[in-house]
Chemist: 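I am attaching a structure below and will ask some questions about it afterwards.
Counting starts at 1 for both ligands and their atoms, following the listed order. From a predicted model like this one, the values you see are computed outputs, not experimental measurements.
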Amino acid sequence: MSTLSQNNINSRPIGFFDSGVGGLSVYSKFRKALPNENTLYFGDLAHLPYGNKSFDELVGYARNILNFYKNLEVKAVVIACNTSSAQAYEIVKNEYDFKIYPIIQSCAKVISEMKLSKIGVFATLATVKSLAYTREIQKFNSKISVMEIACPDWVEIVEGGLLGSKISFKSVKKHLDEMMQFNPDKIILGCTHYPYLLGDLTKFYPKDKFIDPSGIFVDFIKSDLDLNKNDIIGYEKFFVSADAEKFVNNGKIFYEVKNLPEIINLG
Ligand code: DGL
């Protein structure tokens with residue numbers, strides 16, 4: 001392959017996706033770490049929350065978004081969604097000729113090397129059901145005990161603009177009390193929406209009790225990706241399947257989306 005065509009491939013965009021604003025907790029770190037990359041983001045708000053959807057539905061959503069990105073000639077796709085990584089990734093991973101980065105599988109090795117013996121995981125119902133965190137972490141260290149607890153109302157708290165409310169504190173306390181019976185060394189925020197709740201969670205426990213995998217994830221992608229050699233700031237474009245304004249407003253904690261996303265119906 002000539003240098004010119006390799007450069008062209010490297011300057012192709014990277015597509016991110018999540019059910020909503022959750023993936024922005026990953027995307028914001030990625031833009032900071034790799035500002036020259038061209039990036040796309042798809043928020044599938046029409047199907048929110050992913051956490052209570054069936055396996056077949058989740059595979060269908062992932063395929064629709066991956067096909068959409070295939071048509072846009074991306075060089076890679078980042079699954080900035082634990083639920084989709086847990087349920088759909090293994091099924092779709094060999095169906096495309098670009099790299100696909102799933103959050104859980106990309107972070108498990110680093111987490112397993114943190115010298116922890118008991119790890120708690122807060123995640124969506126679908127992620128917990130899959131036991132993907134337990135399986136992926138124990139692949140690297142079978143001595144680590146993992147306890148996964150579903151927090152089905154947390155995505156609605158973030159997407160419904162309820163952070164810092166009584167409803168949020170009550171729910172956060174309930175799930176923390178349940179988790180503390182296991183007495184974990186650290187708790188993984190195993191849904192990309194959950195770092196939005198850190199302000200509420202840290203009313204009860206210090207920030208270093210929690211692992212937000214987004215930083216580990218971005219480091220992993222950075223070490224693996226064929227980087228864009230251009231030294232100009234990369235372009236970005238946002239798409240949603242519904243609720244463009246809500247997406248911009250609720251996402252502000254992590255990322256300021258300057259133009260209203262384009263609404264795309266992928267079925
Ligand atoms: N933010 C996604 C995750 O990491 C999906 C949450 C949802 O829509 O239930 O699992």
Chemist: What is the closest protein heavy atom to atom 5 (C) of ligand 1, and at what distance does it sit?
Modeler: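 Going by distance alone, atom 5 (C) of ligand 1 is nearest to Ser19 OG, 3.4 Å.
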Chemist: Heavy-atom pairs closer than 4.0 Å: do any link ligand 1 to the side chain of Asn82, the backbone, both, or neither?
Modeler: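 Both backbone and side chain.
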Chemist: Quick check on Lys222: does its NZ atom have over 12 non-hydrogen neighbours (other residues, nucleotides or ligands) under 6.0 Å away?
Modeler: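 It does not: Lys222 NZ has 12 such atoms or fewer within range.
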Chemist: Would Phe247 and Tyr255 count as a ring pair (Phe, Tyr, Trp, His ring centres under 6.0 Å) if you check the C-alpha gap in whole Å, the side-chain angles of each, and the deciding distance to 0.1 Å?
Modeler: CA-CA 11 Å; Phe247 173 81; Tyr255 199 77; 9.6 Å; no
Chemist: Can you tell me the protein heavy atom closest to atom 10 (O) of ligand 1 and the distance?
Modeler: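 The protein heavy atom lying closest is Thr83 OG1, 2.5 Å.
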Chemist: Not counting sequence neighbours, which residues clear side-chain contact (heavy atoms from CB on, under 4.5 Å) with Pro152? List them please.
Modeler: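 Pro152 satisfies side-chain contact (heavy atoms from CB on, under 4.5 Å) with Ala150, His175 only.
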Chemist: Which residues pass the salt bridge (charged side-chain N to carboxylate O under 4.0 Å, His left out) test with Glu90, not counting sequence neighbours?
Modeler: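 Lys93.
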Chemist: Would Tyr194 and Phe122 count as a close aromatic pair, with their ring centres under 6.0 Å?
Modeler: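 Between Tyr194 and Phe122, the centre distance exceeds or equals 6.0 Å.
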Chemist: Look at atom 2 (C) of ligand 1 and say which protein heavy atom is nearest, naming residue and atom and giving the distance to 0.1 Å.
Modeler: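 Looking at atom 2 (C) of ligand 1, the protein heavy atom closest to it is Asp18 OD1, 3.0 Å.
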Chemist: What is the closest protein heavy atom to atom 6 (C) of ligand 1, and at what distance does it sit?
Modeler: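 Nearest protein contact, heavy atoms only, for atom 6 (C) of ligand 1 is Val155 CG2, 3.5 Å.
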Chemist: What protein heavy atom sits nearest atom 9 (O) of ligand 1, and how far off is it?
Modeler: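 Looking at atom 9 (O) of ligand 1, the protein heavy atom closest to it is Gly51 N, 2.8 Å.
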Chemist: Distance under 4.0 Å to a non-hydrogen atom of Thr124: what atoms of ligand 1 satisfy this?
Modeler: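 Close to Thr124: 6 (C), 9 (O), 10 (O).
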Chemist: For atom 7 (C) of ligand 1, what is the nearest protein heavy atom, given as residue, atom name and distance?
Modeler: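 Answer for atom 7 (C) of ligand 1: Tyr50 N, 3.2 Å.
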Chemist: Determine whether the aromatic ring centres of residues Tyr61 and Phe17 are separated by less than 6.0 angstrom.
Modeler: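 No - the distance between ring centres of Phe17 and Tyr61 does not fall below the 6.0 Å cut-off.
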